[in-house]
Amino acid sequence: MGELAHTPRKRMNANGGDLVSIKTPARLHFALIDLNGSLSRIDGSIGLAINDPYFEIIAEPANQIRIASPQYEERAYALLEKLQVKYSFPGIHLQLASEIPPHSGFGSGTQLALGIAQAVNTLYNLNLRVADLAETVGRGGTSGIGITAFERGGFILDGGHRFPDQKSSFLPSSAAGNVPAPPLLLRHPFPDWELLIVIPRCTHISGETEIQLFKTLCPQPRSTAEKLSHLILLKLLPAIFEADRQVFGSAINEIQTFGWKKVEIDAQGGILQRTLDFLRDNGAMGAGVSSWGPAIFTVGDDLPALKEKTKMFLQTLPEGGTCFITNANNRGAAVTVA
């Protein structure tokens, strides 16, 4: 794997007064490929790192743990306690100056965990790889998209887990136990296309609800994995390599209609499907739900115009929503030492 971009740094300790800033990408999770296991592997993921939203984590060494965060204080503290047990550093002062919204389809858990771990790694000159940090904070038990998004950015394809000896259930990483991150099969720069992100306010699926859906609806049919694999290999990937936005959008649209992605959309009720239909009817070449949503990503020829239409559409929904334009992050997290 590649190395995070960072400035040269000197030896640091709790009295050094050095300041570290970590700016992470978010990730879009396009699909889980195989939730059947008949080929002795499960999971497998495709996804993309994007520039917005993002965590901006500002950290300085200290002799105790102190955290300033509007919504992640408890979770950040738990992560730091785990890291402190493993790596024996004295403390850290942490400020989350910008935050990825939780349980929205952006992979906030992995980016927060790796961002905090990298802050400790940099401040205390631990010289650890991102893979080591990911193992310590327990990420990658289902998908490896977030780990590679953090380290290198770009479009990502991972190879899932050996089944059942490496991973014996279809559960998400939060409930799967000690499962290693999957192998990276492909990381490729994504074309410089604008992406419209649309977040209708609806259900945020996580925790026990997510676990029960995996328990009751897996395994999925083998034919689903076969169809999705064909679609990825001979439509989605060539469209990315050839920078063909029309074909890419068509592939994304097709992914939404079957398999586990359809499960994720249906679990949200009707609002996600209604939003997808609106976007396609008003100029989107392709619109897809990231993970469980509610975040939707869209490609098209005139996204600023579609954004204005979408603002008005969101006002018609019971709880409204937000939308903004971003693009791919092809470099991963940025580490700055002051």
Side-chain angles (χ1 to χ4, degrees), residues 27-48 105 140-145 155-173 175-176 179 181-186 188 205 209-242 244 246-270 272-277 279-280 284-293 296-297 299:
R27 69 97 176 98
L28 300 174
H29 196 282
F30 293 177
L32 282 168
I33 299 170
D34 193 325
L35 291 173
N36 174 266
S38 60
L39 294 181
S40 299
R41 293 195 81 86
I42 59 171
D43 303 328
S45 301
I46 51 172
L48 175 68
T142 299
S143 166
I145 302 301
F155 173 82
I156 303 150
L157 166 68
D158 75 56
H161 298 93
R162 294 193 305 275
F163 179 77
D165 60 314
Q166 193 176 54
K167 185 179 179 183
S168 60
S169 76
F170 297 97
L171 295 179
S173 55
V179 178
L184 174 66
L185 302 183
L186 173 71
H188 192 270
I205 293 175
T209 300
E210 180 184 16
I211 290 168
Q212 287 304 314
L213 285 166
F214 274 101
K215 281 183 176 180
T216 57
L217 297 177
C218 291
Q220 290 278 293
R222 174 173 175 153
S223 59
T224 296
E226 293 170 340
K227 180 179 178 180
L228 183 55
S229 298
H230 189 192
L231 181 59
I232 291 168
L233 182 62
L234 288 180
K235 190 169 186 179
L236 186 72
L237 288 179
I240 292 170
F241 275 71
E242 296 175 351
D244 189 328
Q246 186 75 51
V247 173
F248 173 83
S250 174
I252 291 297
N253 286 340
E254 193 170 345
I255 287 171
Q256 312 309 301
T257 63
F258 68 96
W260 193 250
K261 181 52 62 181
K262 192 68 169 65
V263 168
E264 292 172 331
I265 293 170
D266 290 347
Q268 292 278 9
L272 273 191
Q273 189 61 59
R274 181 179 164 190
T275 305
L276 288 168
D277 292 342
L279 291 166
R280 294 182 191 128
M285 292 177 178
V289 176
S290 177
S291 187
W292 291 99
I296 295 170
F297 60 96
V299 294

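- In this structure D277 satisfies the side chain to side chain donor-acceptor pair (under 3.5 Å) test together with Q273, sequence neighbours excluded.
- Using a 4.5 Å heavy-atom threshold, the side chains of H29 and I46 count as separate.
- The CG atom of L236 sits 12.5 Å away from atom NE2 of H230, with the distance rounded to the nearest 0.5 Å.
- At most 12 non-hydrogen atoms from other residues, nucleotides or ligands lie less than 6.0 angstrom from CD of Q246.
- Listed for the K167 side chain is a donor-acceptor partner under 3.5 Å among the backbone atoms of G141.
- Using a 4.5 Å cut-off on side-chain heavy atoms (C-beta onward), L185 and D158 make no contact.
- One finds the CD1 atom of I232 at 12.5 Å from the NZ atom of K227 (value rounded to the nearest 0.5 Å).
- In plain terms, the two heavy atoms of A251 and L231 that are nearest each other are O-CD2, 3.9 Å.
- Looking only at side-chain heavy atoms (C-beta outward), I265 and Q256 come within less than 4.5 Å of each other.
- Applying the salt bridge (charged side-chain N to carboxylate O under 4.0 Å, His left out) test to every pair with at least one member in residues 27-39, sequence neighbours left out, gives no pairs at all.
- Rounded to the nearest 0.5 Å, atoms CD (E226) and OG (S38) are 7.0 Å apart.
- L184 and I156 make their closest contact through CD1-CG2, 3.6 Å (heavy atoms, listed as atom of the first residue, atom of the second, distance).
- Between the OG atom in S250 and the CE atom in M285 there is a gap of 11.0 Å [rounded to 0.5 Å].
- Side chains of F155 and L237 form a contact here, defined as non-hydrogen atoms less than 4.5 Å apart.
- Counting heavy atoms from C-beta outward, F30 and S290 have side chains that stay 4.5 Å or more apart.
- When every heavy atom of G160 is checked against every heavy atom of P183, the shortest pair comes out as O-CD, 3.2 Å.
- Across all non-hydrogen atoms, the minimal contact from Q268 to W292 is NE2-O, 2.6 Å.
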**Residues F214, L35; criterion side-chain contact (heavy atoms from CB on, under 4.5 Å); working and verdict** = CA-CA 9 Å; F214 274 101; L35 291 173; 4.2 Å; yes
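- The residue from T224, L157, D43, I42 that alone fulfils the side chain to side chain contact (heavy atoms under 4.5 Å, CB included) condition with I33 is L157.
- Closest approach of F170 to P219, counting heavy atoms only: CZ-CB, 3.7 Å.
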**Request:** Applying side-chain contact (heavy atoms from CB on, under 4.5 Å), run through L39 and R222 and close with a yes or a no.
**Result:** CA-CA 9 Å; L39 294 181; R222 174 173 175 153; 3.8 Å; yes
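- Interatomic distance, E210 CD to T142 OG1, rounded to the nearest 0.5 Å: 7.5 Å.
- Between S291 and K261, the shortest heavy-atom distance links the atoms O-NZ, 2.9 Å.
- Separation of atoms CG (L28) and CD1 (I145) is listed at 10.5 Å; rounding is to 0.5 Å.
- Residues V299 and I252 are not in side-chain contact: their nearest non-hydrogen atoms beyond the backbone lie 4.5 Å or more apart.
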**Message:** Under the criterion side-chain contact (heavy atoms from CB on, under 4.5 Å), I'd like the reasoning laid out for L228 against F258: C-alpha separation, chi angles, the key distance, then a yes or no.
**Reply:** CA-CA 9 Å; L228 183 55; F258 68 96; 4.0 Å; yes
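- In terms of the side chain to side chain donor-acceptor pair (under 3.5 Å) criterion, residue partners of R280 (sequence neighbours excluded) are, by chain and number, N253.
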**Asked** Between W260 and Q220, is a side-chain hydrogen bond (donor to acceptor under 3.5 Å, both in side chains) present by the stated rule, with each step listed?
**Response** CA-CA 8 Å; W260 193 250; Q220 290 278 293; over 6 Å; no
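- By the 4.5 Å heavy-atom criterion applied to side chains, N36 and P221 are not counted as neighbours.
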